[in-house]
Amino acid sequence: MKRDVKAIVKEMTLEEKAGMCSGKDFWHLKGVERLGIPEVMVSDGPHGLRKQAAEADHLGLNESIQAVCFPTACATACSFDRDLLEKMGERIGDECQAEDVSVILGPAVNIKRSPLCGRNFEYFSEDPYLASQMAASHIKGVQSKNVGTSIKHFAANNQEHRRMSCSSEVDERTLREIYLAAFETAVKEGKPDTVMCSYNRINGEFASENHWLLTEVLRDEWGFEGYVMSDWGAVNDRVKGLKAGLELEMPGSGGHTDKEIAEAVKKGELDEAVLDRAVERILNIVFKFADNRQEGKFDKEEDHKLAAKIEAESMVLLKNEDILPLSAQGKKIAFIGKFAEAPRFQGGGSSHIHSFKTTSALEAVKDVVQVTYAQGYDVKEDVVDQAMLDQAVQTAKEADAAVIFAGLPDAFESEGYDRSHMRMPQCQNTLISEIAKVQENVVVVLHNGSPVEMPWADQVKGILEAYLGGQAVGQAEVDVLFGKVNPSGKLAETIPYKLSDNPSYLNFPGDGQTVEYKEGVFVGYRYYDTKEMPVRYPFGYGLSYTTFEYSDLQLSADRIKDTDTLKVTLKVKNTGDRAGKEVVQLYVADKTGSASRPVKELKNFVKVELQPQEEKTVEMELDKRSFAWYNTRIHDWYAASGEYEILAAASSRDIRLKKTVYVESTTELPLHVHMNTTIGELPENPRTKAVIEGMTESLIQHMGGSSDEEEESAASQAISKEMSLKMMENSPLRSMRSFMGMSTEEIQELIVKLQAAADNR
């Protein structure tokens, strides 16, 4: 049935309309029974359902219903698998329908600016393209079940320190290319029902009352049609927020801010049409859910199996010196570490799921082989327990191979605070090093929401990054360790050798009042690769139990306009003896020199499954945005004319194939000619180029260079034509007074002529 929402809003009183703009309580929106407006519930996500039936809170302190904890975003992003994320979203949507939840709060797409951000486990990547693709797929999956999503936290929320008041100081280009880009594609392609604005200020203005962000960008540019809700407690000025485009305040304020809205309308300080529009947007989503209720299936056991599959597809094999997969036949294997028995599989805070069960590696391995076990360390405090350590070392020594389950305890990372360092507990580092002294066959399995330093990396033969892999993580780990599943995950973030290598190191987390994003667009691999800095493991990296060969890179054209779409194809062959999946990454390198840009940027990817010796052709597309950077002169995306390299890669540091395409820009940059316009800027515009070219030889001569290439005088050798050209390019027009004897009036006449040419007058 189609609701006439505008008519319903006209029937509402001012107080009812104001009331619709804030929650009834922590998790419910208000209803209006006389008008058939139902109360609906929202619930925390993003990687499972945290529905609270009794006492409510937003930090995961109070109990929620038993549900299924899927792998967190730090893990699932490493799958590079859009279909897998959509499948997970569908299952979460089913759970929401079964539990009568109208909107699940997620996915979270904030960029991993620093490894220290306490909430990185909830975020996808340091790369905005990958984050946006994973988010769009997640959104499509959930919303295919007529359940809404709330993409968050909009925007530039990249730390927990003083998150409710600190101002993220970001320049326009960086904001557009890195921090908004992750949201943009997800909003345009995924079409989330709601967007959650963040706590922080952006360049001094709270996100919750930022008209440019919530209306001009989100709605006018990106076409968002749902409603914007606040993060829990993010509202600063309710009336200003409403004007800016914040429709729903969560949680409820006990009626205080509703009264502020109603009073503002009565006093003429708020146009009632703004309030009406906000209520319409909220009701459209409320009725979308209420009028499309379906019988949701919440089969916890089946969802648990799916959680194991997703995690197995997402884990990243970082190191393998002929030790994995482990053999279950005739080998004595030791499992060491508390996380083998009680794995850490999710982060703390608002996304903490009350899992109905957990499968540990120690439990899952019973179906494969008998192992010996030693706890090795305690997670309560970072202290070496000598007796525990000795027992673990002896257990490992008596085995043919030792698998150490290690990582970060709950206390090391959570919503609400940032990490102070990138280290694992010293008791665990000591355990790994001591075992490596007596056992040459060591594999370390990591449980962490963000990168850790690995001082023992060269002492062990295998490293498997499980991240925070959901409640079935143990099953997935055993499946990968023993070869039932061939690992296919690739890192969605760079793992540096140490914290101080990170580009945000000197500017994170700021002074509590502001945090400056001085690294600009050089975030993650964009920085490390451009600086040619050694890293522990690069972005996009991940090993397999088989090998892949790339060949026959083909472009649909060698010259395109920026309005065209470029098709890229290549062949991928599984050259090993085991079926596997490869993530083919497509990077673009701008060779035009038109702006300061990273040496390469991820612009597409595809995951392909191949049987032994099977070869497939994969196809990807690149459009204008694949080549463009955000030009603040025109406040739009701009792809300069020139050459771009198309790089087919297995990681950001493993380029397998490359080809060049010439892109012709259809955008002409505006040129304002003045006394300090450099001569070198003028040839960039085709019309001013024609004017200035006729003066080039004369300018060179006045600069002291010779136009006669055969002249071999000492002076010409000292002041070459090339040097003169460079000096000329960098000289402002006003310098013609000194070098050409032109008067100020003559230069002004030239400027008028150049400006007329630039404007095509």
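Between the side chain of Asn200 and the main chain of Ala156, a donor-acceptor pair closer than 3.5 Å is present. No donor-acceptor pair closer than 3.5 Å links the side chain of Glu160 to the backbone N or O of Gly118. Proximity of a side-chain donor or acceptor of Glu99 to a complementary backbone N or O of Val101 within less than 3.5 Å is not detected. Checking side-chain atoms of Asp231 against main-chain N and O of Ala234 turns up no donor-acceptor pair under 3.5 Å. Of the possible polar contacts, none joining the Gln346 side chain to the Gln471 backbone as a donor-acceptor pair under 3.5 Å is found. At least one donor-acceptor pair under 3.5 Å links the side chain of Ser102 to the backbone N or O of Met41. Here the side chain of Ser137 pairs no donor or acceptor atom with the backbone of Leu85 at under 3.5 angstrom. A donor-acceptor contact shorter than 3.5 Å is absent between the side chain of Asn502 and the backbone of Ser114. Formation of a donor-acceptor pair under 3.5 Å by the Thr257 side chain with backbone atoms of Ser253 is not found in this model. Of the possible donor and acceptor atoms, none in the side chain of Glu209 sits under 3.5 Å from a partner among the backbone N and O of Arg238.
Under the 4.5 Å side-chain criterion, counting only non-hydrogen atoms from C-beta, Leu105 is in contact with Val103. Residues Glu415 and Arg163 are in side-chain contact: their nearest non-hydrogen atoms beyond the backbone lie under 4.5 Å apart. Residues Pro487 and Met315 form no side-chain contact, since every pair of their non-hydrogen atoms from C-beta on lies 4.5 Å or further apart. Annotation: side chain of Val365 is in contact with side chain of Phe335 (closest heavy-atom distance under 4.5 Å). Residues Ser350 and Arg119 are in side-chain contact: their nearest non-hydrogen atoms beyond the backbone lie under 4.5 Å apart. With contacts defined as side-chain heavy-atom distances shorter than 4.5 Å, the pair Asp81/Ile310 does not qualify. With a 4.5 Å cut-off on side-chain heavy atoms, Lys319 and Leu464 do not count as touching. Inter-residue side-chain proximity for Ser64 and Ile353 is flagged as unmet; no heavy-atom pair is nearer than 4.5 Å.
Between atom CZ of residue Arg526 and atom CG of residue Leu602 there is a gap of 8.0 Å, rounded to the nearest 0.5 Å. Taking CD of Glu493 as the reference point, atom CD1 of Ile111 lies at 11.0 Å (rounded to 0.5 Å). Note that CD1 of Ile336 is 7.0 Å distant from CD1 of Ile404, once rounded to the nearest 0.5 Å. Separation of atoms CG (Asp385) and CD (Glu381) is listed at 9.5 Å; rounding is to 0.5 Å. Between the CZ atom of Phe356 and the CZ atom of Phe298 there is a distance of 8.5 Å, given to the nearest 0.5 Å. Rounded to the nearest 0.5 Å, atoms CZ (Arg91) and CG (Leu306) are 4.5 Å apart.
Heavy-atom minimum distance, Ala182 versus Ala131: CB-CB, 4.1 Å. Here the closest non-hydrogen pair linking Ser414 and Gly349 is OG-N, 4.0 Å. Taking all atoms of both residues into account, the shortest heavy-atom contact from Ala135 to Val109 is CB-CG1, 3.3 Å. Looking at every heavy atom in both residues, Ser355 comes nearest to Thr358 through CB-OG1, 4.5 Å. Ile202 and Ala155 get closest at one heavy-atom pair: CD1-O, 3.4 Å. The heavy-atom pair separating Ile463 from Leu317 by the smallest distance is O-CD1, 3.6 Å.
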Is there a salt bridge (charged side-chain N to carboxylate O under 4.0 Å, His left out) between Lys152 and Glu122 once you walk through the steps?
CA-CA 10 Å; Lys152 62 186 187 181; Glu122 258 188 274; 3.8 Å; yes

Could you go through the salt bridge (charged side-chain N to carboxylate O under 4.0 Å, His left out) check for Asp501 and Lys498 one step at a time?
CA-CA 6 Å; Asp501 290 343; Lys498 58 186 185 299; 3.0 Å; yes

Under the ring pair (Phe, Tyr, Trp, His ring centres under 6.0 Å) criterion, do Tyr467 and Phe121 qualify, and how do the steps go?
CA-CA 8 Å; Tyr467 278 109; Phe121 64 87; over 10 Å; no

Worked check of ring pair (Phe, Tyr, Trp, His ring centres under 6.0 Å) between Tyr179 and Tyr517:
CA-CA 11 Å; Tyr179 299 99; Tyr517 287 51; 5.0 Å; yes

Using side chain to side chain donor-acceptor pair (under 3.5 Å), reason through Asn157 and Ser198 one step at a time and then give a plain yes or no.
CA-CA 6 Å; Asn157 177 192; Ser198 56; 5.2 Å; no

May I have the step-by-step check of salt bridge (charged side-chain N to carboxylate O under 4.0 Å, His left out) for Glu519 and Arg113, ending in yes or no?
CA-CA 10 Å; Glu519 67 277 7; Arg113 179 180 176 234; 2.5 Å; yes

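Taking the six-membered ring where the residue is Trp, the centroids of Phe522 and Tyr527 are separated by 6.0 Å or more. Proximity of the aromatic rings of His47 and Phe70 is defined here by a centroid distance below 6.0 angstrom, and this criterion is not met. If you look at Phe154 and Phe183, their ring centroids are closer than 6.0 Å.
Between Thr494 and Glu126, the side chains place a donor N or O and an acceptor N or O closer than 3.5 Å (distance only, hydrogens not considered). Remark: the Gln428 side chain and the Thr430 side chain contain no N/O donor-acceptor pair separated by less than 3.5 Å.
The pair Glu453-Arg423 does not count as a salt bridge, with every side-chain nitrogen at least 4.0 angstrom from each carboxylate oxygen. Between Arg344 and Glu413, at least one side-chain N (NZ, or NE/NH1/NH2) sits under 4.0 Å from a carboxylate O, which counts as a salt bridge. The pair Lys357-Glu301 meets the salt-bridge criterion, since a charged nitrogen lies less than 4.0 angstrom from a carboxylate oxygen. A salt bridge does not link Asp44 to Lys51: none of the charged nitrogens lies less than 4.0 Å from a carboxylate oxygen.
Ring geometry for Phe405 versus His447: interplanar angle of 30 to 60°, hence tilted. Note: His421 and Phe412 have perpendicular aromatic rings, judged against thresholds of 30 and 60 degrees for the angle between ring planes.
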